[in-house]
**Student:** 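Quick one: the structure is below, questions incoming.
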Amino acid sequence: MKDRYIFFYITVLTAVVALLLSAAALVLQPYQEANVNNEKMMNILQAADVNVEGANVQELFNKDCVKMMLVNSKGEVVEETTENYTSSAAFKMNLKDELYKRDNGQDFVLPIIVINNGKENVNVLPLQGAGLWGPIWGYIGMTSDFQNVVGVVFDHKSETPGLGAEITTEKFRSQFQGKTIFSDGKFVSIDVVKGGVANLAADLQKHSVDAISGGTITSQGVNNMIENVLGSYLPYIEKQ
Amino acid sequence: MSKNLELLTAPLRKANPVTVLILGICSALAVTAKLKPALVMALSVTVVIALSNLVISLLRKGIPSKIRIIVQLIVIATLVILVDQFLKAFVYDVSKQLSVFVGLIITNCIVMGRLEAFAMGNGPWESLLDGIGNGLGYGIILVIVAFFRELFGSGTLLGFQIIPEGLYNFGYMNNGLMILPPMALIIVGVIIWLQKPEEDKK
Amino acid sequence: MESLSIFIRSIFIDNMIFAYFLGMCSYLAVSKNVKTSFGLGVAVVFVLAITVPINYLLDKFVLSAGALSWISPKFADVNLDFLTFILFIAIIASVVQILEMVIEKFSPALYSSLGIFLPLIAVNCAIMGGCLFMQERDFSSVGQSLSYGLGSGLGWLLAIVGIAAIREKIRYSHVPKSLKGTGIAFIVTGLMGIAFMSFLGITFK
């Protein structure tokens, strides 16, 4: 008798809990997805140096986005989208999976999102790497000839607040604007250096930014992330 | 009435769950580097304790004693998932900062402790008040720790610059150590130190 | 190689106690002498090394978005993410329960030294935290999650034995009266944490 009661009790409880949670998940899921998409769109726009202050991100994105592309390891465009951006493969892509495929010698595709910021067309590329405690990621906007950086956005899962986490601040990000990733036609990426960019030789200054003091490993992570990801786009960039 | 008031206020100081009973330190200190996530965390924990206290107190006569721990865990986990879902849907940027620590409310010993020690033996109204009181008692410690860590570590409060720019020109520097995890423990240690003599007097 | 790096990192750098304050409740309550601390520490290592891989499989094949597609492609859109917390805690509670029964049956000697700690562990934040961090880090194989679980457990063991040894000695020193007991334990843990931060420089390439 007692055992039957326990069994009955736990069954009812489980059913109630399952019902409650599923209902909550169903009701709230659209809001959560909208949040994630909105943030992604906002980051892409910011990387293209579009002012998103107070604007409706979704409308702005649909207006400014020119096209989205997927390019493969040989630098060929394999897919191009000009509408329904948020449901396109290029927007939904998990960069981490593709980099994993690349490192294991498999075929992979990478997204390029072209945004018109009112002055020029900007190629926005996603970034993915590792910081001190966990993953870091972001977007980098390049001019249409891939020579100069228009803007960057970084985010992180769990870097130390006030130290590594400072990579998200305007102060760190604005340094990247106008830097170049090529030197005499050779790919050099952007170096995140300690000890002050101002003390470097003039031609080095063009592709270096100051690291965050106290956030050495995270800064190094940003450095490696940019080099690692942009390197995979080189076949496409060289064709331009 | 004054007894109910006592339920609310006692956990703030003389029966503070963190500094006196040494419960629930686990999940919390990692979110105290900045004031804003600490406030949200304090609020989330208060909601979870208060509601789970209420639910368990309502159910207390029916719960088979053999499985009461499991029942308590299920109730807590459900409430925490609901809080997490709400945070993700409506205050997305804060939920990102709290990340896994919302989930850790489930294993926060204060919640389990209050259910066992209070809600199983008291009425719903008292349990609700007791839950709110303990949540606030926990929250107040979080906020104190976060206040000092953000003020001295970053020179800001809730993201606004507090330490005037002029002071930096005189050579004042943010104390990087305050932001690192170990300082949270040391600050709690100091709070206990300051609080203890007062209790001994009583 | 990757697994080894995760293992070392989780012991020294991402230490459960010093970097994340997880499992503090039992850490402060039990760390009064080395022997019992060691017992609790071993129990934590056990439970973490078992539950983290189990929850890893659960996450990969049941919970995360599209994880159910191995049953049928129809389920590719199902996302059971919201059940994570409740299923993780259920797995932890049951593993602890089963482990307790198994140990009691096969090794009464071990049971008498570990047994009393096992029920405590179900609500130890270090276990739940380990599982949630495992999910967040997105490991690529069961082996990696196992080395993470094992490493985090050992890190916790190291921390609790360390503080217990210090607390045994500190009883003979002149600590200010109102700082005695938990107050000084907090501060010592903080100082140990600062010492552990020097391991941050370790990198594997």
Side-chain angles (χ1 to χ4, degrees), chain B residues 18-32 69-70 72-85 88 99-113 116 177 180-200, chain C residues 15-29 81-90 92-94 97 119-129 131-136 175-197 200:
Chain B
V18 179
T19 56
V20 180
L21 306 175
I22 320 293
L23 288 177
I25 314 126
C26 326
S27 59
L29 294 182
V31 301
T32 52
I69 303 277
I70 294 282
Q72 289 167 0
L73 272 179
I74 292 177
V75 170
I76 300 170
T78 309
L79 286 167
V80 170
I81 294 175
L82 289 177
V83 167
D84 182 50
Q85 298 275 326
K88 273 196 193 133
S99 67
V100 302
F101 293 99
V102 179
L104 289 176
I105 299 176
I106 297 175
T107 49
N108 190 318
C109 341
I110 301 179
V111 186
M112 280 296 263
E116 270 294 283
L177 195 59
L180 299 174
M183 271 320 275
L185 290 171
I186 295 181
I187 295 176
V188 175
V190 172
I191 295 176
I192 294 177
W193 188 6
L194 296 178
Q195 205 185 352
K196 211 150 183 199
E198 266 179 64
E199 273 163 49
D200 293 346
Chain C
N15 188 292
M16 279 287 169
I17 294 279
F18 299 131
Y20 297 112
F21 320 109
L22 295 179
M24 286 298 286
C25 313
S26 31
Y27 169 85
L28 287 168
D81 221 6
F82 64 96
L83 289 177
T84 303
F85 297 157
I86 205 159
L87 284 184
F88 277 14
I89 195 78
I92 293 169
S94 9
Q97 195 67 235
L120 262 180
I121 282 179
V123 286
N124 187 323
C125 335
I127 313 290
M128 187 67 177
C131 295
L132 289 174
F133 279 121
M134 173 276 296
Q135 190 193 31
E136 189 187 86
V175 178
K177 186 167 155 276
S178 42
L179 205 51
K180 264 194 183 131
T182 42
I184 194 73
F186 268 102
I187 292 177
V188 169
T189 311
L191 294 176
M192 285 170 78
I194 293 175
F196 261 67
M197 295 204 68
L200 272 181

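Below, read A as the first sequence line, B as the second, and so on, with proteins coming before strands; counting in each chain starts at 1.
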**Student:** Does any heavy atom of chain B fall under 4.5 Å from the side chain of I194(C), the backbone, both, or neither of them?
**Tutor:** both
**Student:** Non-hydrogen atoms of chain B under 4.5 Å away: do they reach the side chain of F18(C), the backbone, both or neither?
**Tutor:** backbone
**Student:** Can you tell which part of I17(C) gets under 4.5 Å to a heavy atom of chain B, answering side chain, backbone, both or neither?
**Tutor:**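 Neither part.
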**Student:** Under 30°, 30 to 60°, or over 60°: which ring-plane class applies to F133(C) and Y20(C), parallel, tilted or perpendicular?
**Tutor:**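 Ring orientation of F133(C) relative to Y20(C): tilted.
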**Student:** Kindly compute the distance separating CD1 (I86(C)) from CD1 (I106(B)), expressed to the nearest 0.5 Å.
**Tutor:** 7.5 Å
**Student:** For the candidates I81(B), I187(B), I70(B), V188(B), which exhibits the highest count of non-hydrogen atom pairs separated by less than 4.5 Å from chain C?
**Tutor:**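 Going by pairs under 4.5 Å, I would pick I81(B).
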**Student:** Roughly how far apart are L132(C) CG and I127(C) CD1, rounded to 0.5 Å?
**Tutor:**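 Answer for the CG-CD1 pair, L132(C) versus I127(C), is 12.0 Å.
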**Student:** Using the rule given for side-chain contact (heavy atoms from CB on, under 4.5 Å), can you reason through F88(C) versus M134(C), listing the C-alpha separation, both sets of side-chain angles and the distance that settles it, and then say yes or no?
**Tutor:** CA-CA 11 Å; F88(C) 277 14; M134(C) 173 276 296; 4.3 Å; yes
**Student:** What's the separation between atom CD1 in I192(B) and atom CD1 in I184(C), rounded to the nearest 0.5 Å?
**Tutor:**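 So the gap between those two atoms works out to 10.5 Å.
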**Student:** Side chain, backbone, both or neither: which part of L179(C) has a non-hydrogen atom closer than 4.5 Å to chain B?
**Tutor:**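 Contact with chain B involves both backbone and side-chain atoms of L179(C).
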